[in-house]
Each structure stands twice: as C-alpha cells, then as structure tokens.
Amino acid sequence: MVRGLSKRFGGLRAVQEFSVSVEEGQTVALIGPNGAGKTTCFNLITGYYRPDAGSVVAFGHELVGLHPYHVCARGLARTFQVARPFGKMTVLANVMTGALLRDKKLPIARERARGAIEFVGLSAREHSLASELTTMDQRRLEMARALATAPRLLLLDEAMAGLNPAEIDQAVALIRHLSRRGLTIVIVEHVMRAIMAVAQRIVVLDHGQKIAEGGPAEIASNPEVIRAYLGSGYAHA
Amino acid sequence: MALGLLALPQVVSNSFAIDILVRVFLFAFIGVAWNLLGGYAKQLSLGHAAYFGLGAYTSTLLLIRLGVSPWIGIVAGGVVAMVASLPIGALCFRLRGPYFAIATIGTAQTLMLLFLKFRDFAWGAVGTTIPNLGNSPLMMQFTAKAAYYYIALLLLAIGLAVTYWVERSWMGYYLVAVGEDQDAAEAVGVNVPRIKRDIYVISAFLTGLAGTFYVQYIYFIDPNTAFSFNVSVNAALVSIVGGIGTVWGPVVGTIALEPTSALVQSWLGGGRHPGVQLTLYAVILIAVILWQPTGLLGALAGAYKRLVRDAPGIPGAAAAARHAPPADE
Ligand SMILES: Nc1ncnc2c1ncn2[C@@H]1O[C@H](COP(=O)(O)OP(=O)(O)O)[C@@H](O)[C@H]1O
Ligand SMILES: [Mg+2]
C-alpha cells in the first residue's frame with residue numbers, strides 16, 4: 001500500500017501525492033505516457049530513491065528508509081526497465097544469486113534456481129552467459145532471478161518492451177501463470193493488449209499524478225485517460 | 001607439482017634463484033589477497049599498501065618494543081590491518097569506480113605520512129633494522145633461505161585456499177554480482193555494503209600477513225618501503241595481467257611480470273628512475289585492459305578454445321576463461 005508518495009528531482013515533480021492500494025493476489029497495471037513517473041514509483045517503493053514524502057507499507061512493514069536489499073528480503077522483487085543481467089555469469093549463476101537470499105547453501109539455491117529457470121522456459125540456456133542471450137531471454141532471466149528470491153509481490157517494469165507479438169503472448173501467459181500461483185503483481189506496460197489480458201485493475205499516471213484507476217473496461221473508456229495516454233497507446237499496441 | 005615446489009630448495013642451492021621465488025610467492029600472495037576484492041567484486045583498490053605497512057609495523061613494534069615473536073606479530077599484524085580496514089572501507093566504499101581507487105591511494109599515503117611523523121614511537125623516516133639473532137626459528141629468523149621460501153609458499157597456499165573457498169561459496173556469487181552490477185545485485189537481496197566490507201576485511205588481513213613476512217625477510221622497515229605505492233600497484237597489476245577474478249590469475253601474472261620487472265630494474269640501475277617503472281606498469285595495465293581484459297589466463301583459455309573448436313562436447317573450456325563462478329555440477 002502506497003500513500004502520498006512524492007518525489008522531486010530539482011524543480012521537476014516526478015511523482016506527486018501518489019497513493020494506491022494493491023490487494024494480495026491481484027495483478028495491477030501502472031500505465032501512463034513516457035516520463036509519467038512509473039519507474040520512479042518503482043524506485044521509491046523498492047528503496048532505490050528515498051521519497052520526499054509518503055509511506056509504503058507492504059505485508060505489515062513500512063518500507064520507506066529501507067535499502068533495496070532489505071526491501072527484497074521483505075518479499076518485494078523487481079525487474080528493471082532495461083534488463084540488467086550479470087553479463088559474465090551463466091544463466092544458472094544469475095538466478096542462483098537471487099535464490100541465495102533465502103538459503104546460503106549452494107545445492108539448495110541451485111535447485112530453486114533451476115525451478116525458476118524452468119518456469120520462465122530458459123532451461124535450454126542454463127549454462128549460457130547472460131550477456132549472450134537475446135532480449136527476450138534476458139527479460140526471462142531477469143524475471144527468473146527475481147522469482148528466485150521467493151517474492152510475494154513482483155514489480156515488473158516494461159517486461160514486454162522490445163518483444164514481438166508472439167513473445168508478448170508468451171510473456172502474458174507467464175504472468176497469468178504467476179498470478180494463478182498467488183503472486184501479487186504490479187506491472188508497468190505500454191502494450192495495451194497485454195495489459196487488458198493480465199490486469200484486474202489499472203492505475204493511470206500522468207505528470208507524476210494519478211489521473212484514473214479502475215477495471216480494464218472502465219479505464220479504456222475513460223475520456224481523460226484516452227486524451228492523456230491511450231490515444232497514442234492504442235496506436236502501437 | 002606441489003611435491004616439486006616442496007623439494008625445490010633442496011635441489012636448488014643458488015640463493016639468488018630462491019630469492020626470486022620467495023618474491024614471486026610473496027607478490028603473488030599479495031595479488032591473491034587483492035584479487036578477492038579487486039578481482040571478484042571489481043573494487044579496484046590502489047591502497048593495499050596500507051595493510052601491508054600496518055602488518056609490517058605491528059609485528060616490528062611488538063618485536064622491538066616488547067620482544068614479542070613475529071609469529072605472534074604476524075597474526076597481530078593481520079588483525080590490525082583487518083580492524084583498520086573497517087573505517088577505511090566505510091569511507092572509501094561510499095565512492096564508486098575511479099573515485100574509490102583514488103580514495104584508497106589517499107589512505108595508504110596518509111598512513112605513510114603518519115608513520116613518517118612517529119619519530120620516537122616508530123623510528124620516523126629513518127626506519128629501523130630488525131635485530132639479527134642469527135638462526136632463531138622461534139623469532140622467524142633463519143640463516144637458510146629455504147625457510148623463507150617455505151613460509152612464503154605457505155602464505156600463498158593459504159591465500160589460494162581462501163580464494164578457492166570463497167569462489168565456491170555463496171560469497172563468490174555475491175561478489176561477482178557486485179562486480180557486474182551493484183544496483184541489480186541489491187535488487188535480488190545482496191547486501192552490497194556488507195559483502196564489500198566482509199571481503200575487504202579478509203583481503204586486508206591477508207595483506208597484513210604479507211607485510212610482517214616482508215620485514216622479517218629483508219630485516220628492515222621504513223615508511224617508504226612499508227607503505228610503498230609500488231606494493232599497491234603491483235597487487236592490482238599481477239591480478240589484472242594474470243586474470244582478474246580467477247583463483248590462479250595473480251600467480252600467473254606474478255610469474256609473467258616479476259622477472260620482467262627485475263630485468264627492467266637492472267637495466268635502469270636499481271631505484272634511480274622509479275618513475276620509469278611505474279610508467280611501464282601503467283602502459284602494461286592499459287594494454288591489458290584494452291586488448292585482453294581477461295588477462296593471460298583468459299588469453300590461454302581463448303587459444304585453447306580456438307584449438308578445440310571443432311571438437312564438440314568440451315563444456316567448461318570457455319566458462320573457465322570467464323569470471324563466472326563455476327556451475328559446479
Ligand atoms: N534520477 C533522476 N534524476 C532526475 N530526473 C529523473 C530521475 N529519474 C527520473 N527522472 C525524471 O522523472 C520523470 C519521470 O521519469 P520515469 O519515472 O522514468 O518515467 P516513466 O517510467 O513513467 O517513463 C522524467 O521526467 C525523468 O526524466
Ligand atoms: Mg519507465
């Protein structure tokens with residue numbers, strides 16, 4: 001649950017008085033034009049930036065003031081808008097690094113990692129170096145690495161950017177599968193077709209402010225959302 | 001190979017050759033200590049002389065002021081280095097990349113200046129010789145060079161064993177992750193400040209041991225020797241040339257560089273042109289970073305891979321060349 005979150009960069013108000021509450025088990029999409037403040041929200045929630053005001057409470061704990069690694073230990077895992085794999089490590093070693101959060105024994109971490117790798121469909125590339133993967137596979141890896149930390153809430157920042165339509169379908173299936181397993185998911189996405197397929201609720205951000213919130217159908221017909229965002233969003237979806 | 005190394009001093013009686021080997025082991029050991037932090041976590045310290053010097057001064061002060069055996073002094077030196085690394089690390093790790101490197105240079109230089117000022121307590125700029133007790137194994141003094149050879153070899157073996165253990169534990173994964181991308185590492189729960197601190201403490205401890213051994217070997221200490229920038233540069237250089245973030249890289253690098261550096265020194269007539277040697281080091285370093293960032297080990301593994309490219313089913317050859325912790329099946 002996020003309340004009154006605000007962040008300025010110099011004179012720029014990147015996020016203003018942002019509040020949202022996500023129910024456990026839900027998949028919520030955070031949408032809005034480029035520069036709306038979506039990634040900044042993720043960075044505020046996960047401890048990369050310290051908010052100027054506001055609070056973030058998850059699973060009964062206040063997260064503001066925690067370091068990113070402590071936020072992750074509390075059960076919130078994130079991916080980055082531009083995938084950031086450990087390039088010189090193998091796929092398995094990348095994901096094991098995430099799994100080691102919950103257990104420092106390598107054989108156990110390896111088993112967990114294998115499970116996550118299989119889940120995202122990357123088993124065939126287990127021993128490849130992360131830097132040698134395609135964009136789609138790097139995003140899969142990023143997701144597997146996050147899943148290996150055994151999160152309760154997953155924050156996905158544009159996990160489908162740069163994917164072709166077939167790959168988007170695979171990603172959608174993956175996210176739905178995670179959701180069915182009970183994971184709470186917050187997803188930032190531009191591909192409206194994908195959002196409509198996975199999100200139970202949509203939150204629209206513009207110039208750092210929440211301008212709308214509701215079910216997919218409601219949002220798709222909201223005139224303000226169409227004016228601020230969907231006009232162009234639909235065009236490339 | 002191990003047996004050969006153990007038997008060597010019995011066969012080779014040439015003390016010049018033994019001396020070179022002692023230096024190779026010692027510099028490789030310092031490189032190994034540096035590599036834990038600099039190689040795996042890619043925190044390029046250029047201030048490891050701080051810990052070398054602290055180790056050297058701790059055991060020497062204990063020996064001369066209190067008559068404590070350097071065998072105890074060497075451990076005490078390691079512990080002092082370890083303790084000193086905590087505040088130094090807390091300070092320097094606030095910085096990233098080149099700023100971190102520059103800050104570490106500053107800490108070693110500051111310690112050197114301090115010890116230049118400690119005239120009564122630590123002999124100031126003049127330094128001191130270690131009182132020669134003849135053959136006194138309990139005081140880490142030997143008439144036979146072979147004894148120093150075995151101690152240096154043991155130190156190197158300890159350093160390699162620690163590295164081997166770190167690489168094959170969760171720490172190895174965390175360190176390489178930190179070296180690759182600190183923000184991404186934090187995102188998956190790696191407590192980056194803590195792992196950096198922990199490995200820095202281990203690295204400092206080992207470097208402190210090297211300091212004590214070195215004074216006992218050359219029977220002399222002064223701030224310019226103990227906190228020499230050359231020690232810091234050499235530690236980084238041998239690791240980078242040999243293969244950063246690998247168990248054996250610093251050893252390979254030292255074997256490749258030490259004879260070269262001895263040659264260069266004799267060309268230039270000893271320490272009369274210290275700038276030239278540093279310049280040469282800088283040139284080598286830039287060349288390696290530009291053309292062969294995986295070092296000599298990487299080059300060897302690359303050549304091996306090209307050689308066997310047509311033979312399928314040799315996994316690991318390529319992986320061995322790289323910094324990833326092994327998939328250890
Ligand atoms: N670290 C930063 N320093 C300064 N400005 C930033 C920083 N991060 C983001 N911004 C600015 O904040 C605004 C919101 O950015 P962002 O959250 O990345 O938007 P979105 O993810 O919705 O595209 C943009 O104008 C961006 O330039
Ligand atoms: Mg963004």
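Chain letters run A, B, ... following the sequence lines, proteins first, then strands; residues in each count from 1. Keep in mind that what you see is a predicted model, and the values were worked out from it rather than measured.
Of the atoms belonging to A:T46, not a single heavy atom falls under 4.5 Å from chain B.
Going from atom CH2 of B:W170 over to atom CG of A:L100 covers 8.5 Å, rounded to the nearest 0.5 Å. With rounding to the nearest 0.5 Å, the separation of NE2 in A:H67 from CZ in B:R194 is 11.0 Å. Rounding to the nearest 0.5 angstrom, the gap separating the CE atom in A:M96 from the OH atom in B:Y174 is 11.0 Å. Atom CZ of residue A:R84 and atom CD of residue B:E180 lie 12.0 Å apart, to the nearest 0.5 angstrom. Here A:M89 contributes atom CE and B:D181 contributes atom CG; the two are 11.5 Å apart, rounded to the nearest 0.5 Å.
Listed by chain and residue number, A:E213 satisfy the salt bridge (Lys or Arg N to Asp or Glu O under 4.0 Å) test with A:K210 (two or more places apart in sequence, or in another chain).
Crowding of A:R102 atom CZ: a count of heavy atoms from other residues, nucleotides or ligands under 6.0 Å exceeding 12. Counting non-hydrogen atoms of other residues, nucleotides and ligands closer than 6.0 Å to CD of A:E23 gives a total of 12 or fewer. Surrounding CZ of A:F59 are more than 12 heavy atoms belonging to other residues, nucleotides or ligands, all under 6.0 Å away. For A:E118, the CD atom is loosely surrounded, since the number of other residues' heavy atoms within 6.0 Å does not exceed 12. For A:R3, the CZ atom is loosely surrounded, since the number of other residues' heavy atoms within 6.0 Å does not exceed 12. Counting heavy atoms of neighbouring residues, nucleotides and ligands inside a 6.0 Å radius, atom NZ of A:K104 exceeds 12 of them.
Here A:P68 is the residue among A:A130, A:P68, A:G47 with the most heavy-atom pairs under 4.5 Å with chain B.
Taking each heavy atom of A:T97 and B:Y173 in turn, the nearest pair found is OG1-CB, 4.0 Å. Nearest heavy-atom pair across B:A184 and A:F80 is CA-CE1, 3.8 Å. Of all heavy-atom pairs between B:V188 and A:F86, the closest is CG2-CZ, 4.4 Å. Minimum interatomic distance between A:L101 and B:G189 (heavy atoms only, all atoms of both residues): CD1-O, 3.7 Å.
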Run B:V190 and A:Y69 through side chain to side chain contact (heavy atoms under 4.5 Å, CB included) and show every step you take. CA-CA 6 Å; B:V190 178; A:Y69 42 89; 5.7 Å; no
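In this structure, the side chain of A:Y48 engages the main chain of B:A187 through a donor-acceptor pair within 3.5 Å.
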